[in-house]
Amino acid sequence: MSVPSSPSKDFIREIIDEDLSSGKHDSTVTRFPPEPNGYLHIGHAKSICLNFGIAEEYGGRCHLRFDDTNPSKEDVEYVDSIKEDIQWLGFDWGDHLYFASDYFDKLYKWAKHLIDEGKAYVDDQTFDEIRKGRGDLTTPGTDSPFRDRSAEENLELFKAMKKGEFDDGSKVLRAKIDMAHPNLNMRDPILYRIARAHHHRTGDEWCIYPMYDFTHGQSDALEYVTHSLCTLEFENHRPLYEWFLDNLPVPSQPRQIEFSRLNLNYTVMSKRKLLQLVEDNHVNGWDDPRMPTISGLRRRGYPPEAIRNFCKTIGITKFQSTNDMALLESGVRDVLNRDARRFMAVLDPLKVVITNYPEGQSEEIETVANPENPDAGMRHFSFSREIYIERDDFMEDPPKKYFRLSPGNEVRLRNAYFIKCEEVIKDADGNITELHCTYDTDTPRGENPSDGRKVKGVVHWVSAAHSVDATVRLYDRLFSVESPDSAEGTFLDHLNPDSLTEMPNAKLEGNLAGVPNGETVQFERLGYFCVDKESSAENRVFNRTVGLRDSWAKVKAKS
RNA sequence: AACUCCAUGGUGUAACGGUAGCACAACAGAUUUUGGUUCUGUUUGUCAAGGUUCGAAUCCUUGUGGAGUUGCCA
């Protein structure tokens, strides 16, 4: 009913505005129609945000409808995961959960209707004969020898097909349209095939199943969907979609509108390829944090809000674009910077002994949990004589703009004192094993030294005696090239060998032991990290969601 | 070489015949107890050629480039 006014809208929302103001429709009904044959990925999120988003904005509704017309590929496992992912993204279909299989009876009647009208026939040709008869892109097809069977004969045959009197694949029901049509979809498309497959909902009730084309538009019409939004590859199907609406006594006239699917660089999006990554163990399951699946992004620690914002930002057009992963990550940082609690964690520890700090002594430090959000409150942790710092926060022979710790140099320990490196301890092989430093009692948190001296470097740390151990998994892009789909060789040739790095000896601030599974926090100066589902009190596991912007890395890379 | 669709900075996306704007990225600077955040500034664009018009990213023509379609998949 309401037409939200905003500065600019995509072409689909413009069409909806027109349909509302012209009186063509007085409410808006959309639908998200996945086939339950795999896990949802971020490309589906684009469609979900579009369809459910429009329903919210226009005060309409969005149906969740499972397009389950090909039982050999489908399973309830996928139905469940799809529901979970949509809800996690923050959308709700309310009472409007549907299955195309709910319409099998209706569709069967409509098929008989077409037969009665002389607009459908049973074809006995083999698979190959049908294919050959279809012609190709530049040559028209030829009529099937069975094309002119009488309506009576067709009806008997079709009923017999349903009763199971014929073998799988031996006959099909086809629409009688035009074998010379320039659009191949209109060359007498197949409506029903015989397939004795157990359906996850209808069981063994049917041995004939309707095709996508004979199902989708009619399902939309039955649900009074006003705008049926799908991706570009269905563009050529629209004439057929409309042919069924025109030739069947459907209760409403939905309109199909196509938009471009989401592409992201440095990853693949096709179900087939994602399946291959899982089956060949290039990743650890559908929810591997490197996967572009919704479940993978969730496990990676991406907030649903960031995914929704991303979908809003990339917009809806018919242009086949490839979006930059950096845009997604930027949105993830935005949300997490605002929401994530801060902690300190050392991934690659180097022990530091503060030689002038009394043995056996410790003190409690208080600081904010999140500087961006005062409501997050305070946190407390301990400082003591032995601490860990990040190994790459020390260099024995530093380059010019290196602000961190080096021999004789002084840095600020984050939330604590200045320390100065006095001595580097090495093992027999020359590896640095320990640093001996002194601290300045004049420089606790919140105070600068009375002599006015300053330091440029701030280094995070954890108290050795108060730390907890953890494994931290660092994730990088799954592929090393921007478009693995079009790169030389197969996409598997371009897997990034360093997409996963395990840091098995990480030392965490003690407070991190209490963070629940699934929460994403910031490890100060390092990035955002999410408690993995495999994490336990005995064996803590964190996944890096995304690193912080790192301008030092850029400086370093240049030199 | 059929039909359909698409073309705006590096990547996306606005501008609906009237100043080409925004985000990300990049670069420079300021602030900073996160080399984070925040703030300021800079660079970069209408696929090409014609036409219509006072005026074209926008309308028309042609070309070029890209995508989809020859499943009893969706």
Side-chain angles (χ1 to χ4, degrees), chain A residues 7-10 14 33-35 37 67-70 72-74 123 126-127 130-132 134-141 168-174 181-187 189-195 208-209 211-213 215-216 230-239 258 260 265 271 313-331 333-334 337-338 342 344 367 371-372 401-404 411-416 418 443 445-448 454-460 482 522-527 547-556:
Chain A
S8 86
K9 284 184 175 180
D10 57 69
E14 284 182 355
E35 182 185 14
N37 69 345
D67 231 325
D68 54 349
T69 57
N70 185 14
S72 63
K73 289 184 173 179
E74 297 157 6
D123 195 343
T126 64
F127 187 97
I130 289 179
R131 182 166 46 76
K132 281 172 83 177
R134 188 155 32 226
D136 62 27
L137 267 15
T138 51
T139 46
D168 284 11
S170 61
K171 284 180 171 47
V172 290
L173 183 73
R174 302 179 74 176
H181 197 106
N183 180 340
L184 301 240
N185 289 122
M186 300 297 274
R187 321 246 259 229
I190 290 168
L191 270 28
Y192 271 89
R193 73 281 215 185
I194 305 172
I208 57 171
Y209 289 96
M211 300 289 290
Y212 164 85
D213 284 306
T215 306
H216 204 91
C230 62
T231 45
L232 249 26
E233 65 269 27
F234 293 102
E235 216 155 22
N236 297 324
H237 293 245
R238 186 170 3 108
E258 310 86 15
S260 67
N265 57 9
K271 249 177 207 175
T313 308
I314 59 175
I316 299 292
T317 67
K318 300 184 79 150
F319 177 61
Q320 311 203 352
S321 55
T322 300
N323 286 275
D324 198 336
M325 192 67 95
L327 183 59
L328 213 206
E329 291 182 343
S330 161
R333 289 194 191 97
D334 279 350
N337 177 55
R338 185 195 66 199
R342 316 283 139 122
M344 291 199 284
T367 189
E372 306 292 320
K401 287 180 178 170
Y402 190 80
F403 305 152
R404 282 110 101 148
V411 297
R412 164 75 75 177
L413 286 178
R414 173 79 173 149
N415 295 311
F418 279 22
T443 60
R445 177 175 168 73
E447 288 180 42
N448 286 316
K454 294 197 168 165
V455 295
K456 266 195 159 171
V458 178
V459 163
H460 63 275
E482 277 210 43
Q522 186 189 100
F523 291 177
E524 289 191 290
R525 299 213 307 133
L526 295 177
L548 256 25
R549 269 192 200 88
D550 188 353
S551 47
W552 165 242
K554 286 180 191 170
V555 174
K556 203 168 54 171

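Letters A, B, ... are given to chains in the order of the sequence lines, protein chains preceding strands, and every chain is numbered from 1.
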Polar side-chain contact [X]-[N] base: donor and acceptor under 3.5 Å:
X: His237(A); N: A74(B); value: yes
X: Arg549(A); N: G35(B); value: no
X: Asn236(A); N: G68(B); value: yes
X: Glu482(A); N: G10(B); value: no
X: Arg187(A); N: U70(B); value: no
X: Glu233(A); N: U69(B); value: no
X: Arg412(A); N: U33(B); value: yes

Quick check, does Tyr212(A) stack with A74(B)? I mean ring centres under 5.5 Å and planes off by under 30°.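 No, Tyr212(A) does not stack on the base of A74(B).
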Just checking [X]: base, sugar-phosphate only, or nothing, at a heavy-atom cut-off of under 4.0 Å?
X: Thr317(A); value: sugar-phosphate
X: Val172(A); value: base
X: Arg333(A); value: nothing
X: Asn323(A); value: sugar-phosphate
X: Ile190(A); value: base
X: Tyr402(A); value: base
X: Arg338(A); value: nothing
X: Thr367(A); value: nothing
X: Phe234(A); value: base
X: Leu328(A); value: nothing
X: Ser260(A); value: nothing
X: Thr231(A); value: nothing
X: Glu524(A); value: base
X: Leu548(A); value: base

Pick the [atom1] atom in [N] and in [M], then give their distance to the nearest Å.
N: A25(B); M: G66(B); atom1: C1'; result: 24 Å
N: G9(B); M: A15(B); atom1: C1'; result: 15 Å
N: U4(B); M: C60(B); atom1: P; result: 15 Å
N: C47(B); M: C6(B); atom1: P; result: 14 Å
N: G41(B); M: A48(B); atom1: P; result: 31 Å
N: G50(B); M: U69(B); atom1: C1'; result: 32 Å
N: C3(B); M: U70(B); atom1: C1'; result: 12 Å
N: A20(B); M: G55(B); atom1: C1'; result: 15 Å

Report yes if at least one side-chain N or O of [X] is closer than 4.0 Å to OP1 or OP2 of [N]; otherwise report no.
X: Ser321(A); N: U13(B); answer: yes
X: Lys318(A); N: A7(B); answer: no
X: Lys554(A); N: C27(B); answer: yes
X: Arg525(A); N: G35(B); answer: yes
X: Arg238(A); N: C5(B); answer: no
X: Arg193(A); N: C73(B); answer: yes

Which nucleotide in the list [options] gets nearest to the side chain of [X]?
X: Glu372(A); options: A14(B), U70(B), G36(B); answer: G36(B)
X: Phe319(A); options: A7(B), U37(B), U69(B); answer: A7(B)
X: Asn337(A); options: A14(B), U34(B), U37(B); answer: U37(B)
X: Pro182(A); options: G35(B), C27(B), A2(B); answer: A2(B)
X: Gln522(A); options: C73(B), U34(B), C24(B); answer: U34(B)

Flag, side chain of [X] to backbone of [Y], donor-acceptor distance under 3.5 Å:
X: Thr443(A); Y: Phe418(A); answer: yes
X: Arg193(A); Y: Val172(A); answer: no
X: Arg412(A); Y: Lys454(A); answer: no
X: Asn265(A); Y: Met325(A); answer: yes
X: Arg333(A); Y: Gly547(A); answer: yes

Between [N] ([atom2]) and [X] ([atom1]): distance, integer Å:
X: Met325(A); N: C24(B); atom1: CE; atom2: P; answer: 18 Å
X: Met186(A); N: U70(B); atom1: CE; atom2: C1'; answer: 16 Å
X: Leu526(A); N: U34(B); atom1: CG; atom2: C1'; answer: 9 Å

Do you see a donor-acceptor pair shorter than 3.5 Å between the side chains of Ser72(A) and Asn70(A)? yes
When you compare the side chain of Thr215(A) with that of Asp67(A), does any pair of heavy atoms fall below 4.5 Å?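 With C-beta onward as the side chain, the pair touches.
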Polar-atom pairs under 3.5 Å, protein N or O versus N or O of nucleotides 20-23 of chain B: list them with distances, or write none.
none

Bracket notation of RNA chain B in which parentheses pair within the strand, [ ] cross earlier pairs, and | pairs with another strand (Watson-Crick or G-U, under 3.5 Å): .((((((..((((....[..)))).(((((.......)))))....(((((..]....))))))))))).....
Rounded to the nearest 0.5 Å, how far apart are NZ of Lys171(A) and CD1 of Ile194(A)? 7.0 Å
Return the CZ to CD1 distance between Arg187(A) and Ile130(A), rounded to the nearest 0.5 Å.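 Rounded to the nearest 0.5 Å, the CZ-CD1 separation comes to 14.5 Å.
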What's the shortest heavy-atom distance between Phe319(A) and Ser260(A), and which atoms? O-OG, 2.9 Å
Assess whether a salt bridge exists between Glu35(A) and Lys73(A), defined as any Lys/Arg side-chain N lying under 4.0 Å from an Asp/Glu carboxylate O.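 No, this pair does not count.
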Please output the side-chain donor-acceptor pairs of residues 230-239 of chain A that fall under 3.5 Å, not counting sequence neighbours, one pair per line with the distance.
residue   : atom : partner   : partner atom : Å
Thr231(A) : OG1  : Glu233(A) : OE1          : 3.1
Thr231(A) : OG1  : Glu233(A) : OE2          : 3.1
Glu233(A) : OE2  : Arg261(A) : NH2          : 2.5
Glu235(A) : OE2  : Lys318(A) : NZ           : 3.1
His237(A) : ND1  : Asp213(A) : OD1          : 2.8
His237(A) : ND1  : Asp213(A) : OD2          : 3.3
Arg238(A) : NE   : Glu258(A) : OE2          : 2.6
Arg238(A) : NH2  : Glu258(A) : OE1          : 3.1
Arg238(A) : NH2  : Glu258(A) : OE2          : 3.4

